[in-house]
Structure formats: C-alpha cells, structure tokens
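A short worksheet on the structure shown next.
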Amino acid sequence: MASTTVDKYASGSSGSITRKYHFSPHSPAPTLKHEPDADPSFPFDTTDIITAGITEEYHLATRAGLAPFDEVPAHPVDKQPPKPVDVEKAQTLKDIELVTWLENDPENPRTWSRPYRWYLTGVAATAVVAAAFASAIITGDSKDIEREFHVGAEVVTLSVSLMVVGFGLGPLVISPMSELYGRRPMWIIPMVLYVIFNIPCALAPNIQTLLICRFLCGLFASAPLTLAGGTISDIWDNKDRGLAIAYFAAAPYGGPVLGPIVGGFVGESLGWRWIIWVNMIFAGVVCLFCCTIPETFAPVLLRKRAARMRAETGLTNIKTEQELFAAPLSEIIFNTLVRPFEMLMTEPILLLMSLYIALIYGLLYAFFFSFPVVFGEDYSFSDGIVGVTFCSVLIGLAIALFVMPVLQKRYMSVVEWKGGKADPEDRLLGMMIGAPWVPISLFVFGWTAPPTVMPGGGNWVGPCISGIPFGFGMVTIYFSANAYLIDAFPSYVASALAAKTVVRSGMGAAMPLFIVQMFHGLGNGWAASLLAFVSIAMIPIPFLFYRFGSVIRARSKRAA
C-alpha cells in the first residue's frame with residue numbers, strides 16, 4: 001500500500017496536540033489489545049455488518065491513533081453471503097483512515113485503573129439489583145393493596161407481572177439507542193424516569209394507576225438490565241471479563257430475592273405505600289451513582305474523537321466503521337424487533353436455552369408467591385418473617401459466587417489447552433452442574449411442607465432450606481447459559497440476548513399469575529412436584545448440546 005501522511009489530532013491529559021504520523025508497508029503492525037470471538041461491546045444493531053464485516057477497530061491500539069482501513073484486522077460474518085461489492089465505495093475505502101486507540105490511551109476504558117473499573121462494575125451490578133429488587137418488593141404487603149382497592153389477589157399480582165413485562169420490552173429500544181447515543185445517556189435518563197414514576201405508584205388513588213405506573217417503572221428500570229453486561233464488556237478485556245461477569249451473574253437474581261425481605265418488614269410496620277417510597281429512595285441513591293458512570297462504549301468514544309479530528313485537521317477521510325457502514329433505520333428496526341423472534345423460531349440452541357433460562361427465572365418469581373402460601377398460611381408467619389425465609393436463596397446464591405471463579409478458571413485452562421480458542425460448548429459445565437439442583441430444591445420444598453410434615457417445632461426448616469440448592473442451581477445455570485449464547489452467536493449477540501430477555505421476562509411475568517391457585521388446588525407437595533418434573537425435563541438440554549452442539553451449529557445459518 002502506498003504510504004500515507006495524515007495530521008493526527010489526539011486529546012489527553014496534556015491537552016490537544018497536532019503531529020505528523022507516517023504509515024507505510026514497513027510501519028510497525030498495530031497492537032491489538034483484545035481480539036474477541038463474541039464481542040458484546042460491538043454495535044451490532046446499528047452497523048451494517050454484512051457489508052462491513054466486523055473489524056477490530058474498537059480494540060486496536062496504534063502509535064498514531066489512525067490505521068488505514070485495509071490494514072485493520074477483520075472478522076467477516078459467518079455464513080452470510082456478502083452483498084455485491086460497490087466498486088466506487090471500495091476505491092474510496094482505500095483512502096479511509098479508521099480512528100483507533102492510542103497506545104496506553106487514557107480515554108480507552110480498558111486502560112483505566114483496576115480499582116476504578118471494579119467500582120464501575122459494582123455500580124452496574126448494584127443498579128441491576130435495584131431494578132430487580134423493585135419487581136418483588138411489593139409482594140411484602142399485597143394483602144393491604146387488595147383491601148384498599150377492593151380487588152382480588154390476581155389483580156394485585158399484575159403489579160409484579162407488568163413490571164417484569166417492562167423488563168422484557170425496554171431493552172428492545174434501549175439497546176439500539178445506547179449504540180447510537182452511548183451508554184451514559186441511557187444509564188442516566190431512564191433511571192431518572194424510573195425514580196420519578198415511583199411517585200405516582202406510591203400515591204396511586206386506584207389500582208389502574210398503580211398497574212400502569214408499575215409497567216412504566218419496569219420499562220425504564222430495564223436500562224441497567226440492558227446496559228450492565230455491555231458496560232462490563234466495555235471496560236474489561238477477555239482474560240478479566242469472565243471473572244467480572246461471573247460475579248455480576250448473581251445480580252439479576254439476587255435483587256428480586258432481597259425485595260420480599262425488605263418489603264415484608266416495611267409493609268407490616270408502615271404499609272404498602274411506604275414500600276414504594278423505600279424503593280424510590282433506594283433507586284434514587286443508585287441513580288446518583290449511575291450518574292458517575294462515564295461513557296464507556298468504544299464506538300461512540302471513537303466517533304466523537306473522529307469528529308474532533310476532522311474539525312481540527314480538515315481531513316474528511318478520518319472515520320469510524322460505524323460511520324462508514326451505518327445501518328439504515330429499516331435494518332435497525334428489523335434487527336431489534338424482528339430478528340430476535342425469527343432466530344427463536346429457526347435456532348434450536350437459542351430457543352431451548354432461552355426456555356431453560358425462562359423456566360429458572362419464572363421459578364424464582366413462583367417462589368415469591370408460593371413461600372407466602374407455605375410460610376404465611378400454613379405456618380402463620382408474619383409478612384416480615386416470610387421475607388426472611390428468602391435468605392436461604394441468598395445463601396445458595398453466595399455459594400454459587402464462590403463456584404463461579406472456579407468454573408471460569410477451568411474454562412480458561414480449556415482455552416489454553418485448545419490453543420487459545422475454546423468451543424462454545426465448553427461453557428456448559430456450569431449448567432450441567434447446576435441443573436439437578438433445581439428439581440431437588442422443589443421436591444424438598446413441596447414434600448417437607450404441610451400437610452406432609454405438619455407445623456410444629458422446627459418443621460419449617462425443611463421447606464426453608466430448599467432455597468439453598470435452588471439459589472445455587474439458578475445462578476450457575478444462568479451464568480453458563482448466557483455465556484454459551486454469546487459464544488454460539490458471536491455475530492448476532494444483540495439479537496440472541498434480546499430474544500432470551502423477552503422469553504425470560506414473559507415467563508417471569510406469567511408464573512405469578514397462577515402459582516397461588518396451583519398450590520391451593522394441588523397442595524404443596526404436588527404443586528412443587530409438577531414444577532420439579534418440568535425442571536427434570538430440562539436437565540438433558542446442556543448435556544445434549546455439550547455432545548451435539550457443534551453439529552447443530554454447523555447446520556445453523558447464524559451460529560458460530
């Protein structure tokens with residue numbers, strides 16, 4: 001390639017400087033700080049990846065902060081026929097300089113100090129806990145809502161279900177908007193709106209207001225659920241990201257468990273409206289911390305840098321890949337609203353994994369309504385003490401957090417053993433370990449509860465400790481399944497995760513609507529056993545994919 005001389009604009013702690021940098025065939029090769037197979041921090045929804053491929057621009061570090069387009073390493077999209085080559089555009093691309101990170105770039109989120117990156121990881125995880133916490137906190141005093149608004153238990157249950165529905169729908173809009181405008185505005189604006197919409201919930205004069213505003217709360221509170229994983233991927237490279245994600249995996253499931261614990265005591269002492277006020281206070285504090293999250297999305301940061309460089313140098317050939325291959329609006333809409341559901345219908349890996357994750361998520365919300373039946377009605381515990389029984393799930397979750405780093409270390413050893421690239425199926429060990437514990441917990445819960453074991457003495461211990469194996473199985477299954485989906489669909493990560501989120505939220509919203517009636521109608525033992533049998537039917541899924549996953553992926557249009 002002919003040598004090229006460009007004016008380089010860089011901004012750092014020392015201010016703005018203009019220098020000359022020379023690119024030639026003999027220039028040192030650019031440094032690739034990170035070369036992911038499946039990259040959740042790539043703007044899949046808003047980039048025309050079929051035409052562009054997937055370059056490593058956003059993880060590249062060069063001495064000049066610029067690299068000729070045809071010298072940037074690229075990963076073409078698997079199994080997709082390329083679009084017809086535009087000869088004129090191909091000629092133009094030869095003159096394009098892609099903006100990259102500088103070596104040791106202070107603006108690159110992956111060069112920030114480890115303590116600061118762990119702080120950001122903690123804020124992101126806490127925001128997820130706060131959002132999930134809100135969905136279940138209102139179960140702490142549902143009886144008072146029934147009495148005040150003169151409605152049945154099924155209607156009050158909608159205050160949980162509709163918020164979970166919002167969790168499923170919000171990401172379909174927030175995810176592409178975060179790619180276009182950055183993570184930071186999507187962290188702040190929806191969280192502020194979420195805090196605000198807690199006010200009409202707490203002051204609701206009727207059940208309609210409460211339900212509508214709970215749905216809107218779920219819609220805006222879905223922002224952390226959408227952004228946290230991407231933010232963590234933005235600031236950690238592969239070797240460290242696994243550990244951060246392993247600890248983060250417990251947040252979406254730990255949050256709902258904390259809700260009834262707090263809601264039970266607040267509700268029985270101050271009433272259901274104060275449950276909402278307490279939730280708003282918690283959300284408000286978390287929102288303040290979310291405002292400290294800077295922009296971490298590399299495509300947006302480099303796009304802004306490219307604009308500064310063009311203004312400073314007057315050169316119009318300085319671009320980012322996202323600018324060169326911006327997806328049209330019709331394609332963005334298809335990617336976010338159509339393709340996830342199309343993939344569910346055509347990709348058995350995505351469908352079965354999403355159903356398994358949805359079952360686990362639904363069972364968690366089933367516990368929020370079956371525990372009050374067993375401990376509130378059969379053992380006559382107060383609302384506050386019923387909430388305390390959920391601590392057993394937290395214990396199981398804590399045990400899983402100790403196991404997650406071990407599983408991650410084992411996975412990294414497999415990566416090393418296989419020459420630096422493991423198969424997606426190597427992610428499934430956690431699912432295979434955790435799968436049996438879910439039905440075990442359900443059988444223990446159902447058959448150590450009344451009337452099989454009547455109340456008296458310490459007989460409550462049996463159903464209470466059932467939360468320990470459930471919490472352990474829940475987190476290990478979710479972490480492993482989520483990682484498997486990311487690795488199995490590296491070029492369609494956003495669509496795969498969106499499909500999973502919609503299915504998961506649908507199950508979480510539906511399960512509470514019939515659990516109480518099921519436990520009343522079938523009895524504790526058989527109601528729990530029915531759920532356990534469904535869980536048993538799911539156990540073979542990770543084992544079958546571990547054995548036949550590579551064959552299924554080979555026949556897929558979109559899998560790796």
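All figures in this text were calculated on a predicted structure; none of them were measured in a lab.
The distance from the CE atom of Met474 to the CD1 atom of Ile360 is 8.5 Å, given to the nearest 0.5 Å. Note that SG of Cys391 is 14.5 Å distant from CD1 of Ile465, once rounded to the nearest 0.5 Å.
The cationic atom of Arg339 (NZ for Lys, CZ for Arg) does not lie both less than 6.0 Å from the six-membered ring centre of Phe334 and within 45° of the ring axis. Judged by the 6.0 Å and 45° rule, Arg558 forms no cation-pi pair with Phe489.
More than 12 heavy atoms of other shown residues, nucleotides or ligands fall within 6.0 angstrom of atom CZ in Phe514. Under a cut-off of 6.0 angstrom, the local environment of CZ in Phe149 is crowded, with over 12 non-hydrogen atoms contributed by other residues, nucleotides or ligands.
None of Leu397, Val444, Ile395 except one satisfies the side-chain contact (heavy atoms from CB on, under 4.5 Å) rule with Ile468; the exception is Ile395.
Although no hydrogens or angles enter the test, the distance criterion places no donor-acceptor pair under 3.5 Å between the side chain of Glu154 and the main chain of Leu513.
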**Report entry** Check against side-chain contact (heavy atoms from CB on, under 4.5 Å), Val155 and Leu211
**Finding:** CA-CA 9 Å; Val155 176; Leu211 297 181; 4.3 Å; yes
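Residues Ser269 and Trp274 bring no donor and acceptor atom of their side chains to less than 3.5 Å of each other. In this structure, a donor-acceptor pair under 3.5 Å is absent between the side chains of Tyr365 and Ser161. With no hydrogens or angles considered, no side-chain donor-acceptor pair links Asp234 and Thr231 at under 3.5 Å. Side-chain contact annotation: Ser505 with Tyr361, donor-acceptor N/O pair under 3.5 Å absent. Between the side chains of Ser142 and Trp272, no donor N or O sits under 3.5 Å from an acceptor N or O.
Between Phe368 and Phe390, the gap from one ring centroid to the other is short of 6.0 Å.
Taking the six-membered ring where tryptophan is involved, the planes of Phe533 and Trp526 are tilted, since the angle between them lies from 30° to 60°.
Contact check on Glu148 versus Lys143 returns no salt bridge, with no Lys/Arg side-chain nitrogen under 4.0 Å from an Asp/Glu carboxylate oxygen.
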